[in-house]
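Just below is one structure, and these are the notes that go with it.
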Amino acid sequence: MTTITLRPDQPFDLDRTLSCGQAFRWEKVEGWWQGIVEGRAIRIRQDADLLTFSGVDAEFICDYFRLDQDLPGILSSIDRDPVIARAIQECWGLRLVRQQPWECLASYICATNTNIPAVKRRIALMAERFGGPVDGPFGTAYTFPEPEVLASAPFDDLWDCRLGYRTDYISSAAALVAEHPDWVERVAALPLEDARRVLMELRGVGPKVADCVLLFAFDSFEAFPVDVWVHRIMATTYLPDIAGRSCKPSDYERIRRFAQDYFGKYAGYAQEYLYCMRGHAEWQKRGGR
DNA sequence: CGCCAGGCTGTGC
DNA sequence: GCACAGCATGGC
């Protein structure tokens with residue numbers, strides 16, 4: 001067991017961070033969060049300002065949860081009106097975790113037009129079938145499958161992971177990443193808009209998936225993914241003339257441009273705080289206003 | 001049963 | 001450029 005004591009200037013809420021739906025490989029069991037990150041099985045809990053964990057070292061935890069990122073500074077930079085202020089207040093301690101590009105890409109391809117429990121199930125099934133076993137603090141776990149393995153997996157075996165119509169998307173994305181070992185570096189080296197276009201060349205990757213991957217795995221904090229929840233929140237509070245519920249491409253573009261201009265270079269944090277607020281009872285009670 | 005979910009692709013105009 | 005159908009799956 002290792003511990004980290006959070007400083008007063010390091011606001012952090014482990015529960016909020018791992019349950020808000022950004023990462024899909026964590027589960028809370030008897031007070032402990034169990035997860036698989038970068039091939040390691042991690043067990044972690046929080047008691048006030050004390051983090052207790054095993055499976056990785058303190059540097060890994062600090063890096064994964066971005067504990068050294070100046071969250072108070074970021075939040076004050078996006079805190080521009082009462083709505084986002086309330087999200088910041090109610091989602092106190094939420095941090096964006098540092099995800100691995102390939103896993104993040106595949107995960108969000110699995111996350112289109114579906115719900116979070118189903119995404120978690122798909123990823124767990126893929127890991128059990130195509131990942132590697134790792135012994136950790138909570139028995140045997142399975143790493144997220146390497147692109148080479150998924151690229152050569154028979155269609156029917158992938159289909160059995162409940163991927164549905166996304167089966168081909170995962171297969172071909174895996175093939176591309178497997179064929180280009182420098183894929184991550186190449187995308188990482190591109191400016192946001194160029195990286196976005198490159199990601200969207202993949203089948204099954206549209207604007208929303210591309211923005212998620214850029215935000216969660218490529219440190220593009222200006223990226224602003226617009227899913228149905230964020231679309232709803234943005235339309236009701238900031239762009240009331242957007243009528244439809246279907247998020248047309250022009251709406252998507254308008255929303256993200258507005259958000260980047262309005263919230264600034266950490267618009268992605270604003271997105272995640274607004275998204276996190278979607279499930280808040282008080283928000284829903286008031287009909288999203 | 002129907003409707004919705006961290007949407008995207010393909011077709012037709 | 002726009003709209004609109006179709007899509008596998010699971011939660012509620």
Side-chain angles (χ1 to χ4, degrees), chain A residues 16-27 87 91 94-97 99 101 103-126 129 155-173 176 196-218 220-221 223-236 242-257 259 267-281 283-284 287-288:
Chain A
R16 198 115 58 198
T17 297
L18 293 180
S19 63
C20 75
Q22 56 176 322
F24 303 108
R25 298 222 65 199
W26 290 93
E27 189 184 358
C91 304
L94 172 64
R95 285 177 180 266
L96 294 179
V97 303
Q99 302 194 36
E103 176 175 340
C104 186
L105 172 65
S107 297
Y108 278 91
I109 288 175
C110 291
T112 61
N113 195 30
T114 187
N115 49 53
I116 290 170
V119 181
K120 287 186 168 180
R121 182 173 179 211
R122 292 179 185 120
I123 293 169
L125 287 170
M126 279 195 288
R129 189 176 295 223
F155 179 91
D156 288 347
D157 291 355
L158 263 183
W159 178 268
D160 287 344
C161 298
R162 323 307 290 174
L163 301 186
Y165 62 87
R166 309 165 189 83
T167 304
D168 276 330
Y169 302 159
I170 291 295
S171 192
S172 63
L176 185 135
R196 204 168 178 269
R197 275 190 288 273
V198 168
L199 289 172
M200 287 172 61
E201 287 172 6
L202 292 166
R203 289 195 40 192
V205 179
K208 192 272 177 181
V209 172
D211 285 333
C212 282
V213 175
L214 288 167
L215 176 62
F216 298 138
F218 284 99
S220 297
F221 300 111
F224 195 87
V226 181
D227 72 329
V228 294
W229 293 103
V230 173
H231 178 266
R232 201 167 292 158
I233 293 168
M234 293 300 289
T236 53
I242 291 181
R245 291 108 198 87
S246 56
C247 200
K248 297 168 287 188
S250 56
D251 289 343
Y252 192 108
E253 199 62 14
R254 225 187 115 198
I255 290 170
R256 84 175 178 105
R257 293 298 184 187
Y269 263 91
Q271 185 274 354
E272 202 58 15
Y273 273 74
L274 292 172
Y275 180 77
C276 185
M277 197 171 62
R278 80 196 179 284
H280 198 277
W283 172 270
Q284 299 197 335

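Residue numbering restarts at 1 for every chain, and letters A, B, ... go by the order of the sequence lines.
Applying the salt bridge (charged side-chain N to carboxylate O under 4.0 Å, His left out) test to every pair with at least one member in residues 158-169 of chain A, sequence neighbours left out, gives these pairs: A:R129-A:D160.
Residues from residues 114-125 of chain A placing a heavy atom under 4.0 Å of any atom in DNA chain B, listed by number, are A:T114, A:N115, A:I116.
Taking A:A267 as the reference, A:F224, A:Q260, A:F263 meet the side-chain contact (heavy atoms from CB on, under 4.5 Å) condition, with sequence neighbours excluded. In this structure, the ring pair (Phe, Tyr, Trp, His ring centres under 6.0 Å) partners of A:F24, at least two apart in sequence or on a different chain, are A:Y108. Residues forming a side chain to side chain donor-acceptor pair (under 3.5 Å) with A:R95 (at least two apart in sequence, or on another chain): none. With sequence neighbours left out, A:S171 forms a side chain to side chain donor-acceptor pair (under 3.5 Å) with no residue at all. Applying the ring pair (Phe, Tyr, Trp, His ring centres under 6.0 Å) test to A:F155 and every residue at least two apart in sequence or in another chain returns A:W159. Residues meeting the side chain to side chain donor-acceptor pair (under 3.5 Å) test with A:R256, sequence neighbours left out: A:E193, A:E253. Judged as a side-chain contact (heavy atoms from CB on, under 4.5 Å), and not counting sequence neighbours, the contacts of A:V228 are A:R232. Under the rule for a side chain to side chain donor-acceptor pair (under 3.5 Å), A:Y169 has no partner lying at least two apart in sequence or in another chain.
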N/O-N/O pairs, protein side and nucleotides 9-13 of chain B side, under 3.5 Å:
residue	atom	partner	partner atom	Å
B:dT9	OP1	A:G204	N	3.1

Using a cut-off of under 3.5 Å, enumerate the N/O to N/O pairs linking the protein to nucleotides 2-4 of chain C.
none

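Between A:R232 atom CZ and B:dC3 atom P the separation is 15 Å, expressed in whole Å. Separating the CG atom of A:D168 from the C1' atom of C:dG6 is a distance of 15 Å, rounded to the nearest angstrom. One atom, CG of A:N113, and another, P of C:dA5, lie 15 Å apart when rounded to the nearest Å. One atom, CZ of A:F24, and another, P of C:dG10, lie 16 Å apart when rounded to the nearest Å. Atoms CH2 (A:W159) and P (C:dG10) sit 11 Å apart, rounded to a whole Å. For the pair A:K208 NZ and B:dA5 P, the computed distance is 12 Å after rounding to whole Å. Remark: P of B:dC8 and CG of A:L105 are 12 Å apart, rounded to the nearest angstrom. Atom pair A:W229:CH2 and C:dG11:P shows a separation of 16 Å (rounding to whole Å applied).
For B:dC8, neither phosphate oxygen OP1 nor OP2 lies less than 4.0 angstrom from any side-chain nitrogen or oxygen of A:R166.
Looking at A:Y165, its side chain comes within 3.5 Å of the base of B:dG7 through a donor and an acceptor atom.
The closest side-chain heavy-atom distance from A:V205 to A:L105 is below 4.5 Å. Proximity of A:L158 to A:M126: side-chain heavy atoms (C-beta onward) are separated by under 4.5 Å at one or more points.
Note that OH of A:Y165 is 4.5 Å distant from CG of A:N113, once rounded to the nearest 0.5 Å.
Within the 4.0 angstrom heavy-atom criterion, no nucleotide atom of any strand lies near A:V226. Nucleic acid contact class of A:F216 (heavy atoms, under 4.0 Å, all strands): base.
Comparing C:dG11 with B:dC8, their P atoms sit 22 Å apart, to the nearest whole Å.
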